[in-house]
Amino acid sequence: MRRNQLIAAVGICFSLIVYATLARLAGRPVLVGHHEAYWVVVIERFSAYGLLGFLLSFLLPGRFAMACGLLLAVAVGLELLQGLTPDRDPSLLDVLQKAAGGTVGVLLAQVILAFLPRPPS
């Protein structure tokens, strides 16, 4: 049952990231208001991908490279798709922020997984 819950959590987190990335600027969810400071947007990106990386790492325990590769593919793919949205612009800096957040999330989960007892095989 726990695996199904992790799959659902990853799916929900991924769908929210897709919506926030590809939505028009007027329909994009915001934390502070429509005139957010740039650092707030950076924290949003970093945190969203950090959570996705954290959840993916629990879904794929012991597969650090696969989790990081999936996160990088999602960040690059969504950023490229963002170029198709008329009022959004893709940026390499955005991809780097998202990849950094995802990697930190994966690393944090890997540290936690290292201290959890392993189920008997």
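Scope of the values below: all heavy atoms of this structure, side chains included, with no hydrogens, waters or symmetry mates.
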Kindly list each side-chain donor-acceptor pair under 3.5 angstrom involving residues 72-81, sequence neighbours excluded, with atom names and distances?
from  : atom 1 : to    : atom 2 : distance (Å)
Glu79 : OE1    : Lys98 : NZ     : 2.6
Glu79 : OE2    : Ser91 : N      : 3.0

Side-chain donor-acceptor pairs of residues 109-117 under 3.5 Å, sequence neighbours excluded:
from   : atom 1 : to    : atom 2 : distance (Å)
Gln110 : NE2    : Ser57 : OG     : 2.6

Hey, can you pull the donor-acceptor pairs under 3.5 Å for the side chains in residues 60-68, sequence neighbours left out?
none

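The list of salt bridge (Lys or Arg N to Asp or Glu O under 4.0 Å) pairs with a residue in residues 88-97, not counting sequence neighbours, reads Arg45-Asp94. The salt bridge (Lys or Arg N to Asp or Glu O under 4.0 Å) contacts involving residues 11-23 comprise nothing, where partners must be two or more places apart or lie in separate chains.
For the pair Thr103 and Leu71, the tightest heavy-atom approach, listed with the atom from each and the gap, is N-CD1, 4.4 Å. Scanning all heavy atoms of the two residues, the minimum distance from Ala48 to Ile17 falls at O-CD1, 3.6 Å. Pairing each heavy atom of Ile7 with each of Leu59, the nearest pair is CG1-CD1, 3.6 Å.
Each of Val40 and Leu96 belongs to its own hydrophobic cluster when Ile, Leu, Val, Met, Phe, Trp and Tyr are linked at side-chain heavy-atom distances under 4.5 angstrom. Residues Val18 and Val95 are members of separate hydrophobic clusters, defined by side-chain heavy-atom contacts under 4.5 angstrom among Ile, Leu, Val, Met, Phe, Trp and Tyr.
Once rounded to the nearest 0.5 Å, the distance linking CG of Leu52 with SG of Cys13 reads 4.5 Å. In this structure, OH in Tyr49 is found 7.5 Å from CZ in Phe14, a value given to the nearest 0.5 Å.
Residue Val41 is found outside any hydrophobic cluster, as its side-chain heavy atoms come under 4.5 Å of no other Ile, Leu, Val, Met, Phe, Trp or Tyr. Cluster note: Val104 groups with Phe46 through ILVMFWY side-chain heavy atoms spaced under 4.5 Å, whether in direct contact or through intervening members. Tyr38 belongs to a hydrophobic cluster whose other members, connected by ILVMFWY side-chain contacts under 4.5 Å either directly or through intermediates, are Val42, Leu93.
Side-chain contact between Val106 and Leu56 is absent, with no heavy atoms from C-beta onward closer than 4.5 Å.
Taking the side-chain contact (heavy atoms from CB on, under 4.5 Å) definition, one finds that Asp87 meets it with Arg24, Leu25, Thr85, sequence neighbours left out. Under the ring pair (Phe, Tyr, Trp, His ring centres under 6.0 Å) criterion, Phe58 pairs with Phe54, sequence neighbours left out.
Put simply, the side chain of Ser47 never gets that close to the backbone of Glu44: no donor and acceptor are under 3.5 Å apart.
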